[in-house]
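Structure record follows, encoded as C-alpha cells.
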Number of protein chains: 2
Amino acid sequence: MSLSESWLAQLQVEGGRVTAPRRAVVEILAETDRALNPAEVYELARRRHPAIGLVTVYRTIERLEALRLIERIHQHDGCHAFLRAAQGHEHVLLCERCGRALRFVGDDLEDLIRSLQERTGFIIREHWLQLFGLCPACQT
Amino acid sequence: MSLSESWLAQLQVEGGRVTAPRRAVVEILAETDRALNPAEVYELARRRHPAIGLVTVYRTIERLEALRLIERIHQHDGCHAFLRAAQGHEHVLLCERCGRALRFVGDDLEDLIRSLQERTGFIIREHWLQLFGLCPACQT
DNA sequence: ACAACTAAAGAAAACCGTTGTCAATAGCTA
DNA sequence: TAGCTATTGACAACGGTTTTCTTTAGTTGT
Ligand SMILES: [Mn+2]
Ligand SMILES: [Mn+2]
Ligand SMILES: [Zn+2]
Ligand SMILES: [Zn+2]
C-alpha cells in the first residue's frame, strides 16, 4: 500500500471520507520531499483536481497535521510550509533555495541537555534542530 | 551606557531619531528576558508611553530586527515573538509556559554536520537549535 | 533660541492569509 | 438504492500586519 493510500485509510478510520480533492492533497503531501505552503499545495492539487478550492486545501492540511502525518516547518521566509512528519526522533535538513528536505538522525545532545538542566534549573522537554543549506541540485 | 541607550544610539547612527515611543519599545525589548510578540510589546509599552500606537511598535520592531538587535523566535504557538539577539554562536532555551529565555553555547554539531554533508551532498550553511522546557518558576 | 528640514508619529484604511458560514453535493452504510 | 451526514466550494468574515496620509516633533545649522 502506498503512503497516500495509508494516509487516506487513516482518515477513514477517523470517520473521514475519501474524496477526489482530498486524495489530490494527500498524494502531493505524501509524495513530495519538499516543504510546501498551502498556496503551493493548492497550485499542485489543481493539476490533479482543477475544481478544488483553497479552503479544502487548508482543511485537509489541518486534518493531516492533527493525525501527525505532516508537520509545520519553520524557515527564514516563513513558517507556513508543511512536510511529511518525522518518524521517531528525526530532524530535518532543508535546502534554502528549493525547499528540498532530508530527514536525519544521530544528533547527540544528551550531555548538553543534562548539563544545562543542572546549570539552569530548567526541565528540558523537547528540542528543535534544523539544518539549512544547499542541496546538490541547487549548488549550481 | 545601558543596553537600551546603546540600541537608541545605533538607531541614531542610521539617521534615526530618539523619541518617547521608540524609547519605550527599545527599553522593553532590551531589558526583558522573555520572548514577546508585538501585542505584548504594545501592552508593556503603553505603560511607559500611553499614547503609543500599535503601528509604532511594529515599525520599531522592524528597525531593531534589521539592525540585528532582536530576532524572531519560533515556538509551537506561533512565530511572532521577538527576543534580544544572540551574541555570536548562541542558541536559546525557552520556557514553554512563560516564554522566559536563556542563551547557551556548547552545542557540538561539527561531526554530525560534516558527516551529513558527505553522505547527502548538501552544503550545510546554518543550523537552528532550540530547547524547550519549564523554567524553575514554572515547575510548580 | 529659532527656523528649516524631514523622520516618526498616530489614525484610518487596506491588505491578505486564514477561518467561518451555508447550501449543495457526494461518500459511505444499511 | 435510500438515507445519513461528512465534505465540498463560494462567499463572507476575521485578525494580524502593512500602507497611506496628515500632523507632530527631533535634529541640525544658523
Ligand atoms: Mn534530536
Ligand atoms: Mn550551534
Ligand atoms: Zn517558525
Ligand atoms: Zn517559565
Side-chain angles (χ1 to χ4, degrees), chain A residues 4-5 7-29 35-67 70 72-82, chain B residues 4-5 7-29 35-67 70 72-82:
Chain A
S4 332
E5 292 305 321
W7 289 14
L8 291 166
Q10 287 187 61
L11 283 167
Q12 263 186 329
V13 168
E14 308 279 313
R17 295 175 181 177
V18 175
T19 66
R22 187 168 279 180
R23 182 180 292 275
V25 171
V26 164
E27 286 176 357
I28 286 158
L29 284 166
L36 300 172
N37 62 39
E40 289 168 332
V41 174
Y42 177 51
E43 193 182 346
L44 293 169
R46 284 216 287 188
R47 296 186 193 162
R48 295 174 187 240
H49 188 80
I52 195 174
L54 178 56
V55 176
T56 297
V57 172
Y58 275 100
R59 289 191 281 229
T60 307
I61 285 174
E62 187 178 28
R63 297 287 292 268
L64 294 175
E65 196 184 12
L67 288 170
I70 60 173
R72 186 179 297 269
I73 293 293
H74 301 256
Q75 293 174 286
H76 282 297
D77 62 345
C79 306
H80 307 277
F82 293 86
Chain B
S4 333
E5 292 305 322
W7 288 15
L8 290 167
Q10 288 187 60
L11 282 166
Q12 263 186 329
V13 168
E14 308 278 314
R17 295 172 181 180
V18 175
T19 65
R22 187 167 278 182
R23 182 180 292 277
V25 172
V26 164
E27 286 177 355
I28 285 157
L29 284 166
L36 299 172
N37 62 38
E40 290 168 332
V41 174
Y42 177 51
E43 193 182 348
L44 293 168
R46 284 216 287 189
R47 297 186 193 162
R48 295 173 188 241
H49 187 81
I52 195 173
L54 178 57
V55 176
T56 297
V57 172
Y58 276 101
R59 288 192 279 230
T60 306
I61 285 174
E62 188 178 27
R63 298 287 292 266
L64 295 175
E65 196 183 12
L67 289 171
I70 60 173
R72 186 180 297 269
I73 294 292
H74 300 256
Q75 293 174 285
H76 281 297
D77 62 345
C79 306
H80 306 277
F82 294 85

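Letters A, B, ... mirror the listed sequences (proteins, then strands); counts begin at 1. All values derive from a computational prediction rather than experimental measurement.
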Whole-Å distance between D:dG26 P and B:Arg22 CZ? 12 Å

By nearest atom, which of the nucleotides D:dG9, C:dA7, C:dG27 is closest to the A:Arg17 side chain? C:dG27

Establish, with yes or no, whether the OP1 or OP2 oxygen of D:dT7 is under 4.0 angstrom from a side-chain nitrogen or oxygen of A:Thr19. no

Quick one: A:Glu14 CD to D:dT5 P, roughly how many Å, whole number? 18 Å

When rounded to whole Å, the CZ to P distance for the pair A:Arg23 and C:dA26 reads 16 Å

Residue-phosphate contact under 4.0 Å: B:Arg59 side-chain N/O, D:dT19 OP1/OP2: no

Within a 6.0 Å radius of atom CD on A:Glu43, are there more than 12 heavy atoms belonging to other residues, nucleotides or ligands? no

Heavy-atom nearest nucleotide on DNA chain D for B:Ala39 versus A:Pro21: which residue maps closer to 5'? A:Pro21

Per atom distances to the A:Thr56 side chain, the nearest of D:dT7, D:dT27, D:dG9 is D:dG9

A:Pro38 vs A:Gly16, nearer the 5' end of DNA chain C by closest nucleotide: A:Pro38

Atom CG of A:Leu11 and atom P of D:dT7 are separated, to the nearest Å, by 8 Å

Rounded to the Å, how far apart are B:Glu43 CD and D:dG16 P? 13 Å

Between B:Arg22 and B:Thr60 (side chain of the first, backbone of the second, donor and acceptor by atom type, cut-off under 3.5 Å), is there such a pair? no

Approximate separation, where rounding is to 0.5 Å, of B:Arg47 CZ and B:Ile52 CD1: 13.5 Å

Gap between atoms CD and P, on A:Glu40 and C:dG17 respectively (whole Å): 12 Å

Once you round it to whole Å, what is the distance between P of C:dC16 and CG of A:Asn37? 15 Å

I'd like to check A:Val18 versus A:Val26 (side-chain heavy atoms, cut-off strictly below 4.5 Å). Are they in contact? no

Between C1' on D:dG16 and NE2 on A:His80, what's the gap in Å once rounded to a whole number? 11 Å

Using a heavy-atom cut-off of under 4.0 Å over every strand shown, decide if B:Arg63 touches base, sugar-phosphate, or nothing. sugar-phosphate

Side chain of A:Glu40, backbone of A:Asn37: donor and acceptor closer than 3.5 Å? yes

Of the listed D:dG9, C:dA12, C:dA8, the closest approach to the B:Val55 side chain comes from C:dA12

